[in-house]
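Computed over heavy atoms, backbone and side chain alike; hydrogens, waters and symmetry mates excluded. Labels below follow one simple rule: chain letters A, B, ... track the order of the sequence lines, proteins then strands, and each chain is numbered from 1.
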Number of protein chains: 2
Amino acid sequence: MRRLLLTGATLAMVGMTATAEDAPIVHDSEYYILKSQHAEQWQKDNAEVDAKIASFKEANGGKPPNILYILVDDIGFGDMGIPELNAVRGISTPNINKLSDEGLRMSRMYTEPSCTPTRVAFSTGRLPVRMGMGDTTVDIAGFGLPAEEVTLAELLKEEGYNTVHVGKWHMGDIAESWAMNQGFDWAGHPIHQQGQLTIYSDSAVKEQVSVGIKDFDDRFVLDEFFRPNPSAMVLGIEGTAGGPIREVHMEPGERWNAQKYDEMNQRYQDQTLEHMRDLAGKDEPFFLQYWPLIPLDNTREGRNGPESPNGGLYADKLQLLDKWVGDILAEMETLGIADNTIVVLMGDNGHFTKYSPQSGFTSMVFRGGKGATTEGGIRVDAFIRWPGMIGADTIANNIIHVSDLYTTLARMAGADGHIPRDRLVDGVDQTAALLIDETKGRRDHVIVYSIDSPKAIIKDHLKLNLPGPGQSPILADFFDVYRDTHEKYPVSTEVGAWGGKEFVRILERHMGRKQMYPDTPPAFGKPYEGIENLRPETQAAVEAFMLKRASVQQ
Amino acid sequence: MRRLLLTGATLAMVGMTATAEDAPIVHDSEYYILKSQHAEQWQKDNAEVDAKIASFKEANGGKPPNILYILVDDIGFGDMGIPELNAVRGISTPNINKLSDEGLRMSRMYTEPSCTPTRVAFSTGRLPVRMGMGDTTVDIAGFGLPAEEVTLAELLKEEGYNTVHVGKWHMGDIAESWAMNQGFDWAGHPIHQQGQLTIYSDSAVKEQVSVGIKDFDDRFVLDEFFRPNPSAMVLGIEGTAGGPIREVHMEPGERWNAQKYDEMNQRYQDQTLEHMRDLAGKDEPFFLQYWPLIPLDNTREGRNGPESPNGGLYADKLQLLDKWVGDILAEMETLGIADNTIVVLMGDNGHFTKYSPQSGFTSMVFRGGKGATTEGGIRVDAFIRWPGMIGADTIANNIIHVSDLYTTLARMAGADGHIPRDRLVDGVDQTAALLIDETKGRRDHVIVYSIDSPKAIIKDHLKLNLPGPGQSPILADFFDVYRDTHEKYPVSTEVGAWGGKEFVRILERHMGRKQMYPDTPPAFGKPYEGIENLRPETQAAVEAFMLKRASVQQ
């Protein structure tokens, strides 16, 4: 266990005493500033939260709650849970709207700007940059989430939970990164993402969703490894913790297409229901993670026509997903687990506006989409339902970062004692904000990274786009995200001169803390190693990748 | 009565027979195309609507419903009625949200892009361009709404309603245009608008809300009439139909300022409550029109500090207005008139983004604000409550233009028989859409004017920015307003080549119909004539204006 050590100056500034008797979780610098200002309130609230959780457990036969976590791909803010905006968009998500009515909307939920980093932040409670996982790969890459990371599934497993993951994963193509090796008793997931599954597929190439991938004259092209062959990459795998891992649903020589993608989606939905039934019958509580691949779908193959007034490729599939969510929630009622299960449903980042308007989605309430550090990239619809514990049809407008769910859900499950104390954990405990309406929560800021670079800092309702090298922070663009959701009108008169520098100091403290807890690289390895039934074309693709990797060292 | 006459070609095209036995209301061309396609359904629905209205009347002692119409200035879509977006914005409008829960949201309510034209369209059921009222004046102008227009108040008065108008008016500075001369038994309203009341006032000049108005060195400036003196213009007037009209709350020599604006707003709120109490006690049904001036307010004078988390100048006042709306709705309960009164509350056009972000409001869900023909300029929050007649917590996603309320409210009050048949009425009867959920309503398009020029055509979910002179409609920008609420990604592949020309033909039919029913000019006259107590400085201002008008004819 590493002792909390701050420089004398910093200690004096935040008025903090560095004791480690109760082995506190190690957080980033701003947390200690807030803590020094709210210590008394937090202590009081903690006691109330403890009592509330204890009383739930008692009423639940001594067991902590089950957790169902549904993470929806590339859905920005406003498309789920608000009937008025459903109407604006020409879609209908009645089941998710009902879930919203039965639970709490986290209206300032911040994610990372892309799939992989958001999933990493949720799973580890840490900023993806801390272990080099801020980027999103679309091909064979030979790296992933390190085994040393302690995932939420691992915390819960240690607390006695049964754990299952179904659906998208996208945290690496090496064995140690996969769900069955990261805390899940059973997992079924693709290795890569919808680039492989829906954009480079034969069906999509035919529809020219992407140009230049296969339909060109290659007589003057030498490099045979350059173009991806999505069918040769591993598609879906399944396996148990410590057991064999096998690729499913692909035979040697088979090509990937839209129909297989549809079947994969249906399989994940079915597996979610099957595993939920199985888990509900066991003595232990469960953690079931369902990360659907739809609404992302980039082809018209297999479609009869528009299924929503909107008619967009993603919009229609969101309606299908909504139906599936409805089926899952109905099954929970049937199984009698609706009241003792926490359900969290949220988007992972903003809309993939690159595919506007075919997708049917563009940024609406906020500016920008997936990949952007504007609010439209990182604010999502997010709901949590815990009957009797969290108020129905309520809103928490506290700033919450997706990494906070790691710490918060662990706390709700009584597993926060297993959170490692030897590393910096970014996720703070927001249980009081959700359970007893603690006014400000325990976070008033977010440092927004794009891959490995901090790009913006949000504090309260203000947002600073960080100045680049040699640019004065006094002149950097400041936005008021309440007044100006599209970040079009920089605020200058009131907070500019003061705030620019003060905001940059938040970053300086964050960076200073990295000297104690440095960022580390991701895990590297041989792609797909450990899969029992690798197809010959996949073996060839791996060899090609290894040759490319080795070319650096020639 | 003018007979419906269309050219043979047009008649053949729409399959319509032009009979005038039942003296139908005269509409624009597209109406007849829809009618030819839905005649049977509409007839069936009309019968159902008639029965429903008759049964209300019977239960209400033989009386049609009261009508309370609240028109809020410069509030775009999404800031009222949706708690989730309240949170995004950092404001709170609980009373209006409750009204929304108790009634129906017209989620595709289209207004005109500015104050005057929207108010004219609502009051007359006609596009403002038809009588030259498409523009918004901010100074003494010597013209206004003609006496020949038949307002909704006049229709209702003819049907036996008592009628009162309180608050903003802004349809002219000549006597025939004012509310007490346009169908209201009693009216209290300013002549002009918040430019005079909040931007050119001494308080605002001190705060430099506008620059160059008074704080400049005038030693080299000759023209003494050029700059507005808002204190010399008439402020608030009051009067009864046919009775004397007096300016109130201003003494000769007195200056207008922020405090007087606050007092004026409070007075209109108080008068609304007073008149409602009075009207509720009478035998006849009432039409009470309350057009508040706030949330518009451009100075900090008289404020203690932010009253909302947002803190913007308009945002704070919207919260005050919400409280006032709550007071009115509560008073309706006390008076026992909540169940037999139709309440309509809506914005008049998008946000005045010129004052972003001081106002606290920018366009959020849609692109653009006041003055723009993008959706953000012309789509507003709009609610209608009629207990037992219109479903609570419902949404109608039909296209409705503000002029439709003229015809629709007249129908609900049984006053549609008084709608003049000698002119073209743009407002169509949407009663079936509101009362019995007629799927598509009776309008599938809007021709969007800016002042006197058609700029865009919306049909269903598609929107064409009309090509300028010499521009090919095939290349004009087309948007899908479901998929792309910010009108950023022109649609081309599916509807461009066909739709561009077809949309332009809608305009051609609209223009063709103007040859039968030509646009006419507004009424011209001497400003303020008929006000009993004109101040000397006002008389001087009028003389200056008349001199300027005469200068054209020198």
Can you list the steps and then say if Tyr489(A) with Thr353(B) is a side-chain contact (heavy atoms from CB on, under 4.5 Å)?
CA-CA 10 Å; Tyr489(A) 307 91; Thr353(B) 52; 3.7 Å; yes
Engaged part of Ala315(B) at the chain A interface, taking heavy atoms whose separation is under 4.5 Å
neither
Using a 4.5 Å cut-off on heavy atoms from C-beta on, say whether the side chain of Arg108(A) contacts that of Val88(B).
no
Quick check on Phe479(A) against chain B: is it the side chain, the backbone, both or neither that has a heavy atom closer than 4.5 Å?
neither
For a 4.5 angstrom cut-off between non-hydrogen side-chain atoms, does Met364(A) reach Met364(B)?
no
Could you check whether any side-chain heavy atom of Asp484(B) comes within less than 4.5 Å of a side-chain heavy atom of Phe361(A), counting everything from C-beta outward?
no
Between Arg483(A) and Gln358(B), what is the shortest heavy-atom contact and its length?
NH1-O, 3.7 Å
How many angstroms lie between atom CZ of Arg89(B) and atom OG1 of Thr485(A), to the nearest 0.5 angstrom?
5.5 Å
Does any heavy atom of chain A fall under 4.5 Å from the side chain of Ser359(B), the backbone, both, or neither of them?
neither
Would you mind reporting whether Glu84(A) and Ile395(B) have side-chain heavy atoms less than 4.5 Å apart?
yes
Of the backbone (N, CA, C, O) and the side chain (C-beta and beyond), which part of Glu375(B) lies under 4.5 Å from a heavy atom of chain A, both, or neither?
neither
Can you tell me which portion of Leu85(B) sits under 4.5 Å from chain A's heavy atoms? Options are side chain, backbone, both or neither.
side chain
With a 4.5 angstrom heavy-atom cut-off, could you sort out which part of Arg367(A) is near chain B: side chain, backbone, both or neither?
neither
Side chain, backbone, both or neither: which part of Arg105(B) has an atom under 4.5 Å from a heavy atom of chain A?
side chain
Got more than 12 heavy atoms from elsewhere within 6.0 Å of NZ, Lys98(A)?
no
I'd like to know which of Asn86(A), Ile82(A), Asn310(A) tops the heavy-atom pair count under 4.5 Å against chain B.
Asn310(A)
Closest-packed option against chain B by number of heavy-atom pairs under 4.5 Å, given Ser107(A), Gly311(A), Ala396(A)
Gly311(A)
For a quick test of reading the model, state the closest non-hydrogen atom pair linking Tyr482(B) to Ala87(A) and the distance between them.
CE2-O, 3.8 Å
